[in-house]
Amino acid sequence: QVQLVESGVGLVQAGESLRLSCAVSARTGSTYTIAWFRQAPGKEREFVAAISWSGSNKAYYADSVKGRFTISRDNAKNTLYLQMNSLKPEDTAVYYCAVKNGYYSDYDSLSKWALYDYWGQGTQVTVSS
């Protein structure tokens, strides 16, 4: 069983930065892929970034955030982060962290929200223009 709790609710202006955190409670020794998704009002949930919870540090990003967002993890603190820079109004959404069992390295598997097994409650990010 995996439990995820996001934090970092933010109201920022365009161009500013914000860091989200996700506290992860998971069984040690298991292999997981962990990711950030977001969902804006009236829109489908979309992939933001993903990384392996242990092992490889290779990160994967949606084109819309590449170069502005950075996903990282601190296994000692059992925490996943999403550093968001140069925020835009279109980044406004509820952000979720999610975990699925196993390690995946293909973008197609990483980016489909329906393939993830565990979800946090979400945290609101609002970017004003």
Side-chain angles (χ1 to χ4, degrees):
Q1 187 72 14
V2 176
Q3 293 183 323
L4 306 167
V5 179
E6 300 98 336
S7 60
V9 174
L11 172 59
V12 298
Q13 292 190 330
E16 293 184 341
S17 299
L18 187 65
R19 188 176 79 163
L20 303 182
S21 300
C22 175
V24 180
S25 175
R27 187 187 310 172
T28 57
S30 296
T31 301
Y32 300 108
T33 296
I34 190 163
W36 289 98
F37 285 79
R38 66 186 182 186
Q39 189 165 19
K43 294 190 176 181
E44 192 170 325
R45 191 166 297 190
E46 67 170 352
F47 172 74
V48 175
I51 193 169
S52 172
W53 181 236
S54 59
S56 172
N57 283 318
K58 182 173 174 58
Y60 302 82
Y61 297 94
D63 287 342
S64 58
V65 306
K66 201 172 292 183
R68 300 188 298 124
F69 290 11
T70 302
I71 188 172
S72 63
R73 63 174 197 262
D74 185 334
N75 293 106
K77 295 182 178 179
N78 290 320
T79 303
L80 176 75
Y81 300 102
L82 184 68
Q83 177 66 43
M84 304 185 291
N85 298 329
S86 302
L87 282 160
K88 305 175 181 180
E90 51 263 44
D91 295 318
T92 295
V94 176
Y95 283 71
Y96 300 89
C97 60
V99 163
K100 64 177 177 178
N101 295 304
Y103 171 72
Y104 297 86
S105 58
D106 65 289
Y107 188 87
D108 203 45
S109 295
L110 292 166
S111 61
K112 288 184 168 59
W113 66 265
L115 299 181
Y116 282 75
D117 303 300
Y118 306 98
W119 291 85
Q121 82 285 358
T123 187
Q124 177 70 46
V125 171
T126 303
V127 184
S128 62
S129 58

*Output the distance between atom OH (Y32) and atom CG (N101), rounded to the nearest 0.5 Å.*
6.0 Å

*Of all residues at least two apart in sequence or in a different chain, which pass the side-chain contact (heavy atoms from CB on, under 4.5 Å) check with L115?*
K100, K112

*Got a second to check how far E16's CD is from S86's OG, nearest 0.5 Å?*
11.0 Å

*Donor-acceptor pair, T126 side chain versus T92 backbone, under 3.5 Å?*
no

*When clusters are formed by joining ILVMFWY residues with side-chain heavy atoms under 4.5 Å apart, either directly or through shared neighbours, do Y81 and Y118 land in the same one?*
no

*Residues two or more places apart in sequence or in another chain: which of them pass salt bridge (Lys or Arg N to Asp or Glu O under 4.0 Å) with R19?*
none

*Decide yes or no on side chain to side chain contact (heavy atoms under 4.5 Å, CB included) for E6 and L20, but give the supporting numbers first.*
CA-CA 7 Å; E6 300 98 336; L20 303 182; over 6 Å; no

*Between CD of Q121 and CG of L4, what distance do you get to the nearest 0.5 Å?*
9.0 Å

*Run the side chain to side chain contact (heavy atoms under 4.5 Å, CB included) check on I34 and R73 step by step: do they pass?*
CA-CA 9 Å; I34 190 163; R73 63 174 197 262; 5.8 Å; no

*At what distance, to the nearest 0.5 angstrom, does CH2 of W36 lie from CG of L80?*
5.5 Å

Identify all side-chain donor-acceptor contacts of residues 49-56 below 3.5 Å with residues at least two apart in sequence or on another chain.
from	atom 1	to	atom 2	distance (Å)
S52	OG	S54	N	3.3
S52	OG	S54	O	2.3
S56	OG	K58	N	3.1

*Who pairs with E90 by salt bridge (Lys or Arg N to Asp or Glu O under 4.0 Å), at least two apart in sequence or on another chain?*
none

*Check whether any side-chain N or O of T33 sits under 3.5 Å from a backbone N or O of G102 as a donor-acceptor pair, and report yes or no.*
yes

_Could you report the tightest heavy-atom contact between A26 and V2, atom names first, then the distance?_
CB-CG2, 4.0 Å

*Give a yes or no on whether Q3 atom CD has more than 12 heavy-atom contacts from other residues, nucleotides or ligands under 6.0 Å away.*
no

*Might you point out which heavy atoms bring A35 and I71 nearest each other, and give the distance in Å?*
CA-CD1, 4.5 Å

*Begin with the C-alpha distance, continue with both residues' side-chain angles, and end with the deciding distance and a verdict on side chain to side chain contact (heavy atoms under 4.5 Å, CB included) for R68 and D91.*
CA-CA 11 Å; R68 300 188 298 124; D91 295 318; 2.8 Å; yes

*asked:* Using the rule given for side chain to side chain contact (heavy atoms under 4.5 Å, CB included), can you reason through K77 versus S21, listing the C-alpha separation, both sets of side-chain angles and the distance that settles it, and then say yes or no?
replied: CA-CA 11 Å; K77 295 182 178 179; S21 300; over 6 Å; no

_Qualifying disulfide (SG to SG under 2.5 Å) pairs, either residue in residues 11-107, two or more places apart_ = C22-C97

*Nearest 0.5 Å, what's the CZ-CZ distance between R38 and R45?*
13.0 Å

_ILVMFWY cluster membership beyond Y104 - transitive side-chain contacts under 4.5 angstrom_ = F37, F47, Y60, V94, Y96, Y103, Y107, L110, W113, Y116, W119

